[in-house]
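Quantities reported herein were computed from a predicted structural model and do not represent experimental measurements. Side-chain atoms are counted along with the backbone in the values below, which use heavy atoms only and exclude waters and symmetry mates.
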Amino acid sequence: EDVWFRGARSLDRLHLPTNTWKNFRGGTEIPAFSFKAFDVKDGEVWLGTENGVFRYSPAGDRWDKELPGEIVLSVAMTTTDVWAGLDQLRFENGRFRARVGRYDRSKRLWSFYTNTYQEAGKTVPGNSALPNSQISHIGRDAGEDWIWFAGSSGTWGVSRYSPLQDKWENFPQPSKSSPQNQFVSFV
C-alpha cells in the first residue's frame, strides 16, 4: 500500500510494506514545476499542474502527459473517469468562462464542459451548469452518483453532475456570503 503526499513542486510516495520513500520532483521526473492537485484510485495517480495533467504508470514507473498545455487547478477520479478543473478562459471584455475536462478512462478521450454566461444582454450558451468561476475543487460522493464542483472566483457557487442521468444542478453562492468565503475545498 502507498500513501502519496503533494508539495508545491514534488510528489512523494511512502510505500508502507517496506517503509521506503520515493520523490518525484518537478522539472526532473515530472515536466512541470507547480503542482496544483492530485488524486489516487486503484494505484493510479493523476496530477494537475501548470503544464497539464499527468498520469503515473506504476508498471513503467513513469509519468505520462495526458492533457498538455492547460493550467489544472483540481483533479478527481471515479471508476470510469478523471475530472480536471481547468483555469478559466478570460475574454477581452473581462468575463470568464469556467471549464472542466472529463477523461473517459476506457476510451482514453477528453471532453469539456463550460458554463453559460451573459454578454451584452445576450446569453452565450455552455454545456453545463458550472458556476462562472475557477473550479478550485472537484469531489465525488461515495457511490460516484454525483460529481461535485466548487468555484473560487468570479460568481462562485457549487454545482454537481450526475453522469448516470447526464444531469447538472447548480447551487448559487449564499446571498450573505463575502468574497472571503469562497470555496476552495469540501468533503
Side-chain angles (χ1 to χ4, degrees), residues 4-13 23-78 80-117 119 124-140 147-156 159 161 163 168 182-185:
W4 290 81
F5 302 87
R6 176 182 65 91
R9 294 188 173 139
S10 72
L11 267 175
D12 292 280
R13 179 186 66 203
N23 174 264
F24 300 94
R25 292 183 315 243
T28 307
E29 289 87 1
I30 305 168
F33 291 99
S34 179
F35 298 174
K36 308 287 187 187
F38 77 105
D39 201 4
V40 180
K41 188 170 181 67
D42 302 327
E44 271 193 345
V45 180
W46 287 71
L47 172 67
T49 75
E50 91 292 347
N51 193 23
V53 176
F54 294 85
R55 179 180 53 86
Y56 177 67
S57 170
D61 194 31
R62 70 173 195 275
W63 292 89
D64 296 317
K65 189 180 267 192
E66 296 292 346
L67 182 63
E70 294 284 354
I71 298 173
V72 180
L73 305 172
S74 51
V75 174
M77 297 174 65
T78 66
T80 58
D81 301 305
V82 177
W83 294 84
L86 308 176
D87 198 19
Q88 299 171 323
L89 291 175
R90 181 178 209 140
F91 299 104
E92 290 178 12
N93 63 6
R95 297 238 180 237
F96 293 95
R97 181 160 233 184
R99 300 182 306 141
V100 168
R102 177 185 184 185
Y103 181 77
D104 183 314
R105 294 167 76 185
S106 65
K107 296 178 184 174
R108 300 186 54 84
L109 180 68
W110 284 97
S111 56
F112 297 91
Y113 298 92
T114 60
N115 66 310
T116 298
Y117 70 97
E119 180 179 347
V124 179
N127 60 353
S128 75
L130 288 169
N132 185 23
S133 178
Q134 288 183 333
I135 305 303
S136 59
H137 189 77
I138 302 174
R140 60 192 175 272
I147 310 302
W148 290 82
F149 306 90
S152 65
S153 66
T155 306
W156 57 275
S159 298
Y161 174 72
W168 286 89
Q182 294 175 347
F183 304 128
V184 293
S185 66

Test ring-ring contact (aromatic ring centres under 6.0 Å, His included) applied to F24 and W63, step by step: CA-CA 9 Å; F24 300 94; W63 292 89; 5.6 Å; yes

Candidate pair D81 and Y103, rule side-chain contact (heavy atoms from CB on, under 4.5 Å), full reasoning: CA-CA 5 Å; D81 301 305; Y103 181 77; over 6 Å; no

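Across every non-hydrogen atom of R6 and F35, the tightest pair is NH1-O, 2.7 Å. Here the shortest heavy-atom pairing between I135 and L73 reads O-CB, 3.8 Å. The two residues A84 and I138 come nearest to each other via the heavy atoms C-CD1, 3.7 Å. A pairwise comparison of heavy atoms in I147 and R140 identifies CD1-CB, 4.1 Å as the closest pair. Residues S10 and D12 share a closest heavy-atom pair of OG-OD2, 3.5 Å. Here the shortest heavy-atom pairing between D64 and S57 reads OD2-CB, 4.1 Å.
A 4.5 Å side-chain heavy-atom check between L47 and I30 finds at least one atom pair inside the cut-off. A heavy-atom distance below 4.5 Å is found between the side chains of M77 and D39. With a 4.5 Å cut-off on side-chain heavy atoms, F33 and E50 count as touching. Residues F54 and P31 have side chains in contact (heavy-atom distance under 4.5 Å, counting atoms from C-beta outward). Proximity of N127 to F112: side-chain heavy atoms (C-beta onward) are nowhere separated by under 4.5 Å. Residues T49 and I71 fail the side-chain proximity criterion, which asks for heavy atoms closer than 4.5 Å. Within the 4.5 Å cutoff, no side-chain heavy atoms of R13 are placed close to those of F5. In this structure, the side chains of N51 and K65 come closer than 4.5 Å at one or more pairs of heavy atoms.
D104 and S106 share a side-chain donor-acceptor pair at under 3.5 Å. A side-chain N or O of Y56 and one of D61 form a donor-acceptor pair less than 3.5 Å apart. Using modelled atom types and a 3.5 Å distance limit, the side chains of Y113 and R99 yield no donor-acceptor pair.
With salt bridges taken as basic N to acidic carboxylate O contacts below 4.0 Å, one links R105 and E44.
In this structure a side-chain-to-backbone donor-acceptor pair under 3.5 Å is missing from R55 to E66.
Between F149 and W83, the ring planes lie perpendicular to each other; the angle is over 60°, past the 30° to 60° tilted range. Below 30°, between 30° and 60°, or above 60°: for W46 and W110 the angle between ring planes is above 60°, a perpendicular geometry.
Heavy-atom contacts from other residues, nucleotides or ligands closer than 6.0 Å to CZ of R9 number 12 or fewer.
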